[in-house]
K.L.:
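This is the structure I have questions about; it appears just below.
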Amino acid sequence: MIDLKNISKSFNGRVILENVTSSFEKGHVNLVIGGSGSGKTVMMKCMVGLVDIDEGEILYDGKPFSGLSRKERKPFRQEIGMVFQGGALFDSLTVEQNVMFPLNMFTRLSLEEKKERVNFCLKRVNLENVNNLGPSELSGGMKKRVAIARAIAPNPNYLFCDEPNSGLDPRTSIVIDNLIKEITEEFSITTIVNTHDMNSVMEIGDKILFLFEGKKWWEGSVDDILRTDNKEINDFIFASKLAKAIKKV
Amino acid sequence: MNWLFHLGRYWIFMKEMIIKPEKFSIYWKQFVRELDNFGFGSLGIVALTSVFMGAVITIQTVYNLVNPLVPLEAVGIVARDSIILEFSPTMMSLVLAGKIGSSIASEIGTMRVTEQIDALEIMGINSSAYLVLPKVMAALAIFPFVVIISMFLGIFGGWVAGTAAGVISSSEYIMGIQDSFVPFNVVFALIKTITFSLIITTVSAYQGYHTQGGALEVGKSSTNAVVYSSILILIFDYILTQLILT
Ligand SMILES: Nc1ncnc2c1ncn2[C@@H]1O[C@H](COP(=O)(O)OP(=O)(O)O)[C@@H](O)[C@H]1O
Ligand SMILES: [Mg+2]
């Protein structure tokens with residue numbers, strides 16, 4: 001479980017996140033939705049410590065995380081996996097080396113054990129026989145899956161995914177979404193997913209937080225979101241003509 | 001130019017680099033990769049420019065020495081000293097700034113804009129140290145050799161060009177290059193090389209690391225890396241020459 005308590009962040013005097021409070025539960029897929037530029041990525045980077053917050057507090061299972069030094073954060077590092085928007089695979093390494101990278105960093109396993117773990121993770125994301133390919137030889141969906149495999153390789157307790165299905169076709173998106181959901185439940189991970197894709201919301205959202213101009217505008221469940229009469233959230237969800245037509249029915 | 005801002009941020013960047021490696025093995029792998037990259041990767045262009053540079057220096061020196069009282073041997077002395085003191089360390093560093101500086105900046109810049117640097121940080125790796133330290137170490141280890149090879153090839157190029165053009169005999173040239181040789185000149189050249197290696201790697205890494213935006217900005221960082229490291233090489237060339245040779 002991750003708790004955010006009144007977190008705020010500005011860049012050069014521009015407020016990007018304002019007083020956001022929320023909590024994300026273990027074993028659930030927690031979605032953060034909002035238009036582009038609403039602050040989703042910044043909020044995620046604050047949560048994992050890539051960006052320092054100006055005010056407020058971030059707790060990992062009750063333990064304070066924000067305000068710690070690089071050294072003090074070390075014990076948390078092995079617990080955190082993150083899937084970046086573009087995958088962020090290391091270009092100079094093969095698929096296998098990419099997935100093995102965090103294992104080299106965090107574990108003292110032998111090479112065979114590491115290979116076994118890599119193959120297990122790749123298999124878990126339905127990728128086989130791609131071990132020796134480079135990232136540039138993979139399709140968008142495969143890159144995302146390798147990124148997920150790399151994130152789960154050290155058995156994290158917390159998984160962060162920044163727009164895991166941006167740039168993917170709708171079918172591949174659903175595959176990736178379901179994969180995240182399954183892994184979350186299977187390994188009882190606290191998962192947080194940024195998305196602006198309504199399909200994902202309906203498909204895998206356990207809890208939904210709607211960010212609007214850096215503020216928490218609304219939060220609730222999938223059932224709640226279809227019934228809310230909040231203007232901004234309706235503008236967001238029912239942005240397309242198709243969606244508006246469906247809502248009328 | 002807000003050069004003070006860059007100076008400060010460069011300083012902080014350098015300070016973050018000086019740490020105990022999280023895991024020695026992953027640094028070692030990078031170091032070996034860069035050694036190969038910088039050494040073998042630059043030999044071709046260094047050989048080519050060195051031979052031609054030596055050839056031009058020799059022919060020009062003959063052309064300028066029209067005084068019949070000065071023996072042609074002097075051509076060998078002048079060519080050797082200018083190659084060892086200035087052309088090999090400084091000009092090769094400028095060539096390396098173009099080749100290696102731009103590749104360092106674009107590699108690290110691409111890693112920045114595609115969030116690969118964030119991915120390293122997430123795993124608890126000090127990204128500035130991990131990305132820059134092996135490059136600095138590899139450059140310090142290999143550039144002196146590259147420059148020494150360049151010296152030999154430059155002097156060799158002078159011999160080939162001088163004798164082929166018939167402006168100096170082989171024995172005059174060879175006598176010249178052995179005459180009144182000052183070993184300290186080589187030491188001075190290596191001091192310059194080490195300074196320039198530090199400039200090329202750290203300035204280019206700094207440019208790449210602080211890239212913001214996308215592919216266009218990566219290109220800009222790469223250009224800036226070459227421009228700023230070249231300017232700094234020339235400034236430090238002057239400072240070191242002034243300090244050590246006078
Ligand atoms: N490092 C930064 N410096 C300054 N502004 C930033 C930085 N990172 C993000 N921003 C700004 O914060 C705002 C929110 O960005 P982001 O979190 O990426 O939005 P999104 O919801 O699309 O992920 C944007 O206006 C962006 O320009
Ligand atoms: Mg984003």
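Naming convention: chains lettered A, B, ... in sequence-line order (proteins, then strands); numbering from 1 in each chain.
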K.L.:
Return the minimal non-hydrogen interatomic distance between A:Asp91 and B:Gln116, and the atom names on each side.
P.N.:
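Shortest heavy-atom contact: OD2-NE2, 2.9 Å.
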
K.L.:
Checking A:Gln85 against chain B: side chain, backbone, both or neither under 4.5 Å from a heavy atom?
P.N.:
both

K.L.:
At a 4.5 Å cut-off on heavy atoms, which part of A:Arg70 comes close to chain B: side chain, backbone, both, or neither?
P.N.:
side chain

K.L.:
Atom NZ of residue position A:Lys115 - does it have more than 12 heavy atoms of other residues, nucleotides or ligands inside 6.0 Å?
P.N.:
no

K.L.:
Roughly how far apart are A:Ser92 OG and B:Lys29 NZ, rounded to 0.5 Å?
P.N.:
11.0 Å

K.L.:
Measure across A:Met105 and B:Met123 and return the closest heavy-atom pair with its distance rounded to 0.1 Å.
P.N.:
CG-O, 3.7 Å

K.L.:
How far apart are the closest heavy atoms of B:Gly124 and A:Arg77, and which atoms are they?
P.N.:
N-CD, 3.4 Å

K.L.:
Are more than 12 heavy atoms, taken from residues, nucleotides or ligands other than B:Phe184, located less than 6.0 Å from that residue's CZ atom?
P.N.:
yes

K.L.:
Which atoms form the tightest heavy-atom contact between B:Ile26 and A:Asn104, and what is the distance?
P.N.:
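Scanning both residues completely, I find the closest heavy atoms to be CG2-CB, 4.4 Å.
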
K.L.:
I'd like to know whether CZ of B:Phe236 has more than 12 heavy-atom contacts from other residues, nucleotides or ligands below 6.0 angstrom.
P.N.:
no

K.L.:
Within a reach of under 6.0 Å around CD of A:Glu55, are more than 12 heavy atoms found that belong to other residues, nucleotides or ligands?
P.N.:
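Atom CD in A:Glu55 is not crowded, with 12 or fewer foreign heavy atoms closer than 6.0 Å.
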
K.L.:
Salt bridge or not between A:Lys45 and B:Glu115? Use side-chain N to carboxylate O under 4.0 Å.
P.N.:
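Between B:Glu115 and A:Lys45 there is a salt bridge, with a charged N closer than 4.0 Å to a carboxylate O.
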
K.L.:
Side chain, backbone, both or neither: which part of B:Ser25 has an atom under 4.5 Å from a heavy atom of chain A?
P.N.:
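Neither the backbone nor the side chain of B:Ser25 comes within 4.5 Å of chain A.
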
K.L.:
Using non-hydrogen atoms only, which part of B:Ile117 is less than 4.5 Å away from chain A: side chain, backbone, both, or neither?
P.N.:
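Neither the backbone nor the side chain of B:Ile117 comes within 4.5 Å of chain A.
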
K.L.:
For A:Glu116, I'd like to know if atom CD has over 12 heavy atoms of other residues, nucleotides or ligands within 6.0 Å.
P.N.:
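At most 12 heavy atoms, drawn from other residues, nucleotides or ligands, come within 6.0 Å of this atom.
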
K.L.:
Where is the tightest heavy-atom contact between A:Phe84 and B:Ala119, given as atom of each residue plus distance?
P.N.:
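It is CE1-CA, 3.5 Å.
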
K.L.:
Nearest 0.5 angstrom please: B:Glu121 CD to A:Met82 CE, how far?
P.N.:
12.5 Å

K.L.:
Can you check whether B:Ile122 reaches A:Phe160 side chain to side chain, under 4.5 Å on heavy atoms?
P.N.:
no

